[in-house]
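Working notes, structure below.
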Amino acid sequence: MTLHTVIYDTDPGIDDAIALVFQALHPEIELAGITSVFGNASIATTTRNALYLAQRFAPGVPVARGAAAPLQCMAPEPLGWIHGDDGLGNIGLPEVDHAPLDSRPAHQFIAETVRARPGEITLLAVGPLTNLALALADDPGIAERVKEVVIMGGAFGIGGVLGNVTPAAEANIHCDPHAADLVFAAPWKVSIVGLDVTHETVMTTAYLASIRDRGGDAGRFVWDISRHYERFHSESDQATGIFAHDYSAAAYLVAPHLYETRGGPVRVVTEGIANGLTIQKPFGMQVDAPDWEGRPSCEVCVGVDAPGVLDLFDRMLCDQNA
Ligand code: RIB
Ligand code: CA
């Protein structure tokens, strides 16, 4: 039974791909589209990967090509040492005869799909927020027609968590801080799944090996593409395993009870040494904060039942193959 009709805005990207596999298997998720964006790799690579993933795991789902660069800056260098030169762990993707790209750019695909299905579409965005900002510029009215927006991004200092590309900034926000500040200013329901909770949600080597052994084709794919990502986490002393960044946003969508959230408007620093820093003014904070006045509240994830989130992924991949 579909409870969530999703446009997945993504920069695949190893953890993006893992989150897509989960969405394709989850019975309550209907993928209405996949929109690519620059970020973990160039737009050409993330778009090719989106087409590959759609063909393999979500056949028939339209794919639209998105932004190649941020609103106001140059596109970042691809993150080959993190996601592989091919964006999916250098596993040697077979060529697939995938369906052609949608003729519309991602932001137009988003705006037209939302207008056609008012109140139904969830935007699940796990890369730079450029496409969403462009869609708002194309048609500000979509903010009232979107069901909700769930993004993976940001870091709010919970438990001392800092950024992951600078001491201040998380990668998705840092890639396009202007877009993020526009997205957090729009009158739609926004939930933000940041490093504060994704750093608590670690898929260990043993966990991933178990998914490989019990998760069928999807489980073997998750194992294969996570090898490169795990080496990055190990070599950068981040974790023994991988942070489930983008999957966490999908898990929040279908199981919000596994997360604790805090309401309040969010601003993004768009210049200087803290460029990309996300700052929430929590409800009830008694300070003078004109830069946050008049902005809608966002729900920021400040706590997570990580074992529950990992169990959900395991059930989705392995119960299918039980
Ligand atoms: O900071 C983690 C985020 O940046 C994830 O979405 C990952 O895929 C990269 O895009
Ligand atoms: Ca991503």
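Remember, it's 1-based here, ligands and their atoms both numbered in the order they're listed.
- Summary of contacts: the protein heavy atom closest to atom 1 (O) of ligand 1 is E170 OE2, 2.5 Å.
- Nearest heavy-atom pair, D181 versus V266, reported as atom, atom and distance to 0.1 Å: OD1-O, 4.3 Å.
- Using the six-membered ring where Trp is involved, H233 and Y229 have ring planes that are perpendicular, over 60° apart on the 30 and 60° scheme.
- Rounded to the nearest 0.5 angstrom, L71 CG and L134 CG are separated by 5.5 Å.
- In this pair, Y252 and Y259 present their aromatic rings perpendicular. The plane angle is above 60°, beyond the 30 to 60° band.
- From the protein, the heavy atom lying nearest to atom 4 (O) of ligand 1 is N172 OD1, 3.2 Å.
- In summary, of the residues considered (I29, D311, L25), a side chain to side chain contact (heavy atoms under 4.5 Å, CB included) with M316 occurs for L25 alone.
- We find that E30 and R117 are joined by a salt bridge, their nearest charged nitrogen and carboxylate oxygen being less than 4.0 Å apart.
- Salt bridge absent: R262 and E299 never bring a charged side-chain N and a carboxylate O closer than 4.0 Å.
- Not one N or O of G127 is nearer than 3.5 Å to an N or O of ligand 1, by distance alone.
- Of the polar atoms of Y229, none of the N or O atoms is found under 3.5 Å from an N or O of ligand 1, judged by distance alone.
- For ligand 1, the atoms sitting less than 4.0 Å from at least one non-hydrogen atom of A171 are 1 (O), 4 (O), numbered in the order shown with element in parentheses.
- Listed by number with element, the atoms of ligand 1 under 4.0 angstrom from any heavy atom of V126 are 6 (O), 10 (O).
- Closest to atom 8 (O) of ligand 1 among all protein heavy atoms lies D15 OD1, 2.6 Å.
- Note on R56 versus D217: salt bridge recorded, some NZ/NE/NH1/NH2 to OD/OE distance being below 4.0 Å.
- Interface of M152 with ligand 1, defined as ligand atoms under 4.0 Å from a residue heavy atom, comprises 2 (C), 3 (C), 5 (C), 6 (O).
- Only side-chain heavy atoms of N164 come within less than 4.0 Å of ligand 1; its backbone N, CA, C and O stay farther off.
- Here the CZ atom belonging to R212 is positioned 9.0 Å from the CG atom belonging to D224, to the nearest 0.5 angstrom.
- By the criterion of a heavy-atom distance under 4.0 Å, the side chain of D11, and not its backbone, is placed next to ligand 1.
- Remark: ligand 1 and D16 share an N or O pair separated by less than 3.5 Å (distance only, no angle test).
- Protein N/O/S atoms nearer than 3.0 Å to the Ca ion (ligand 2) total 5.
- For atom 9 (C) of ligand 1, the nearest protein heavy atom (residue, atom name, distance) is N40 OD1, 3.2 Å.
- Between F221 and Y52, the angle of the ring planes lies from 30° to 60°, which puts this pair in the tilted group.
- Ring pair Y207/F313 is tilted by interplanar angle, where 30° to 60° counts as tilted.
- Looking only at side-chain heavy atoms (C-beta outward), F156 and I192 come within less than 4.5 Å of each other.
- Of all protein heavy atoms, the one lying nearest to atom 6 (O) of ligand 1 is D246 OD1, 2.6 Å.
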